[in-house]
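Note that ligands are numbered from 1 as they come in the structure, with each ligand's atoms numbered from 1 the same way.
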Amino acid sequence: MSLVITDECINCGACEPECPNTAIYEGGVEWELNGESHDPLSEEFYYIVPDKCTECKGHYDESQCVAVCPVDCIEVGVEESEDTLMERYNQLNG
Ligand code: SF4
Ligand code: SF4
């Protein structure tokens, strides 16, 4: 599942452009993968799509969203192995 944004999010939008996997969306906005649109995972706060988050593995040494969030409201949801995250990275990046 990787990272999740909690309800302490202040909707500043700082994290969204930093995500190398475009896994972060504004509340109420549909998310996309492989050309398909899906219902928003939150209507109120920015959210992270679990199937698109690699905890930045494959791109950076640290999670970019966590690094920029001014209120530290991004947490680990469910721990995933390095192999799982890299497998996802390879799927997302062809
Ligand atoms: S940890 Fe990285 S890949 Fe996951 S949502 Fe944050 S910026 Fe995107
Ligand atoms: S940077 Fe933090 S507070 Fe701002 S939108 Fe992202 S999760 Fe919410």
Side-chain angles (χ1 to χ4, degrees):
M1 176 165 191
S2 52
L3 302 192
V4 290
I5 294 173
T6 73
D7 61 8
E8 286 174 29
C9 172
I10 58 170
N11 290 320
C12 72
C15 54
E16 184 185 356
E18 302 300 327
C19 180
N21 294 316
T22 62
I24 304 175
Y25 292 83
E26 187 176 359
V29 172
E30 291 190 334
W31 63 274
E32 294 186 12
L33 183 59
N34 301 327
E36 285 183 31
S37 297
H38 305 270
D39 289 342
L41 302 184
S42 172
E43 293 292 334
E44 292 174 83
F45 305 105
Y46 276 75
Y47 64 90
I48 293 171
V49 177
D51 286 347
K52 297 181 77 175
C53 175
T54 63
E55 295 181 23
C56 283
K57 296 278 188 299
H59 294 282
Y60 301 105
D61 291 337
E62 63 172 356
S63 294
Q64 301 297 291
C65 55
V66 173
V68 300
C69 180
V71 294
D72 293 332
C73 68
I74 306 176
E75 301 176 346
V76 175
V78 173
E79 301 269 356
E80 290 182 309
S81 71
E82 180 100 12
D83 284 352
T84 300
L85 294 167
M86 283 310 293
E87 200 175 303
R88 184 171 303 140
Y89 166 82
N90 289 326
Q91 280 171 359
L92 290 169
N93 293 278

Separation between CG of Leu85 and OG1 of Thr54, rounded to the nearest 0.5 Å:
6.5 Å
With heavy atoms and a 4.0 Å threshold, my read on which part of Ile74 contacts ligand 1 is neither
Heavy atom of the protein closest to atom 3 (S) of ligand 1 (residue, atom name, distance):
Asn21 ND2, 3.4 Å
Does any N or O in the side chain of Glu80 come within less than 3.5 Å of the main-chain N or O of Ser2, such that one atom is a donor and the other an acceptor?
yes
Please determine if atom 8 (Fe) of ligand 1 has an N/O/S atom from Cys19 lying under 2.8 Å away.
yes
Suppose we measure from atom 2 (Fe) of ligand 1 to each protein heavy atom; which comes out shortest, and what is that distance?
Cys56 SG, 2.3 Å
Residue, atom name and distance, where the atom is the protein heavy atom closest to atom 4 (Fe) of ligand 1
Cys53 SG, 2.3 Å
Closer than 3.5 angstrom, by distance alone: can the side chain of Tyr47 be matched with the main-chain N or O of Ala23 as a donor-acceptor pair?
no
Aromatic ring pairing Trp31/His38, orientation class (parallel under 30°, perpendicular over 60°, tilted between)
parallel
Any side-chain to backbone donor/acceptor pair from Thr6 onto Glu8? Under 3.5 Å, distance only.
yes
Number of protein N/O/S atoms that sit closer than 2.8 Å to atom 4 (Fe) of ligand 2
1
With a cut-off of 4.0 Å, which atoms of ligand 1 are near a heavy atom of Ile24?
5 (S)
Using a 4.0 Å cut-off to any heavy atom of Leu3, which atoms of ligand 1 qualify?
1 (S)
Do Arg88 side-chain atoms and Cys53 backbone N/O form a donor-acceptor pair below 3.5 Å?
yes
Does Asn11 reach the main-chain N or O of Tyr46 with its side chain, forming a donor-acceptor pair under 3.5 Å?
yes
Note: ligand 1 atoms sitting under 4.0 Å from heavy atoms of Ser63 are 1 (S)
Identify, by atom number and element, the atoms of ligand 1 in contact range of Thr54, meaning under 4.0 Å from any of its heavy atoms.
3 (S)
Can you tell me if Lys52 uses its side chain to pair, donor with acceptor, with the backbone of Leu33 under 3.5 Å?
no
Please determine whether side-chain contact (heavy atoms from CB on, under 4.5 Å) holds for the pair Ile48 and Ile74, giving the CA-CA distance in whole Å, both sets of side-chain angles, and the decisive distance to 0.1 Å.
CA-CA 9 Å; Ile48 293 171; Ile74 306 176; 4.0 Å; yes
Within the side chain of Glu16, is there an N or O that forms a donor-acceptor pair under 3.5 Å with the backbone of Ala14?
no
Criterion side-chain contact (heavy atoms from CB on, under 4.5 Å) on Leu3 and Val66, from CA distance to verdict:
CA-CA 9 Å; Leu3 302 192; Val66 173; 3.7 Å; yes
Atom 6 (Fe) of ligand 1 sits nearest the protein heavy atom Cys65 SG, 2.3 Å
